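Positions are given from 1 along the sequence. This one's a predicted model, so the numbers in the text were calculated from it and none came from an experiment.
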Amino acid sequence: MPVAQADVAVIAHIKSNFSSLTAKQVQDIFMGRTRIFPNGKFALPIDQSSPLRAEFYEELTGRPVEQINAYWARIMFTGQASPPQRLPDDEAVLQTVRENEGAIGYIDKTRVDGTIRVLLLVQPWKP
């Protein structure tokens with residue numbers, strides 16, 4: 001039986017002054033290639049320790065989470081960047097995004113409410 005996958009919503013602070021990001025822009029932020037939003041403000045990516053993390057990266061990059069972990073191990077070893085801060089679950093990500101205007105995170109789409117802004121609904125990756 002196939003595993004049910006959640007729709008993943010990439011979220012930001014409700015006062016962010018942009019309404020959406022492309023999958024490429026989100027990928028660049030979460031993979032450490034940029035720490036700046038398109039408006040020039042600092043982006044603080046927030047990762048999860050939950051099972052949603054694997055789905056997020058697989059859908060966003062087309063790579064299994066093991067490859068993402070190996071990527072970050074190499075990047076950290078060379079001192080080029082640090083991986084996103086990791087929080088335990090949707091609720092912790094929601095709270096952090098609500099409290100920090102530069103924060104960007106991801107949650108299960110069913111947890112979206114009016115206190116945050118949805119920037120992107122992550123679709124399965126296509127090369």
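Residues forming a salt bridge (charged side-chain N to carboxylate O under 4.0 Å, His left out) with Asp90 (at least two apart in sequence, or on another chain): none. Residues forming a side chain to side chain contact (heavy atoms under 4.5 Å, CB included) with Leu121 (at least two apart in sequence, or on another chain): Ala9, Lys109, Val118, Gln123.
We find the CD-OG1 distance between Gln95 and Thr115 to be 11.0 Å, quoted to the nearest 0.5 Å. The CD atom of Gln48 lies 8.0 Å from the CG atom of Leu87; values are rounded to the nearest 0.5 Å. Atoms CE and CD1, from Met31 and Ile68 in turn, are 3.5 Å apart once rounded to the nearest 0.5 Å. If you take NZ on Lys24 and CG on Asp28, they are separated by 3.5 Å, rounding to the nearest 0.5 Å. Residue Leu94 holds its CG atom at 10.5 Å from CG of Asp108, rounded to the nearest 0.5 Å. For the atom pair Thr78 OG1 and Met76 CE, the distance stands at 10.0 Å (nearest 0.5 Å).
For the residue pair Gln27 and Arg33, a side-chain donor N or O sits within less than 3.5 Å of a side-chain acceptor on the partner.
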Self-check item: Glu91 and Arg111: CA distance, side-chain angles, deciding distance, side chain to side chain contact (heavy atoms under 4.5 Å, CB included) verdict
Solution: CA-CA 8 Å; Glu91 191 53 45; Arg111 301 295 310 273; 2.5 Å; yes
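Shown are Val122, Val8, Val65; of these, the side-chain contact (heavy atoms from CB on, under 4.5 Å) with Glu55 is made only by Val8. Partner Ile104 forms a side-chain contact (heavy atoms from CB on, under 4.5 Å) with one of Ile11, Val97, Leu119 and no other, that one being Leu119.
The cluster map of Ile, Leu, Val, Met, Phe, Trp and Tyr, joined by side-chain heavy atoms under 4.5 Å apart, puts Val26 and Leu52 in the same cluster. One hydrophobic cluster, built from ILVMFWY side chains closer than 4.5 Å, cannot hold both Ile46 and Ile75; they sit in different ones. Residues Leu120 and Ile107 are members of separate hydrophobic clusters, defined by side-chain heavy-atom contacts under 4.5 angstrom among Ile, Leu, Val, Met, Phe, Trp and Tyr. In the hydrophobic clustering of ILVMFWY residues, with side-chain heavy atoms under 4.5 Å counting as a link, Val10 and Leu44 come out apart.
Between Arg117 and Glu101 there is no salt bridge, since none of the side-chain N atoms of the basic residue sits less than 4.0 Å from a carboxylate O of the acidic one. Salt-bridge formation is detected for the pair Asp113/Arg98: a Lys NZ or Arg NE/NH1/NH2 atom is positioned less than 4.0 Å from an Asp or Glu carboxylate oxygen.
The two residues Arg35 and Ile29 have their closest heavy-atom pair at NH1-O, 3.3 Å. Of all heavy-atom pairs between Pro84 and Pro45, the closest is CB-O, 3.5 Å. Looking at every heavy atom in both residues, Ile36 comes nearest to Thr34 through N-OG1, 3.2 Å.
The ring pair (Phe, Tyr, Trp, His ring centres under 6.0 Å) pairs that include a residue from residues 37-69 are Phe18-Phe37, Phe30-Phe56, Phe56-Tyr106, where partners are two or more places apart or lie in different chains.
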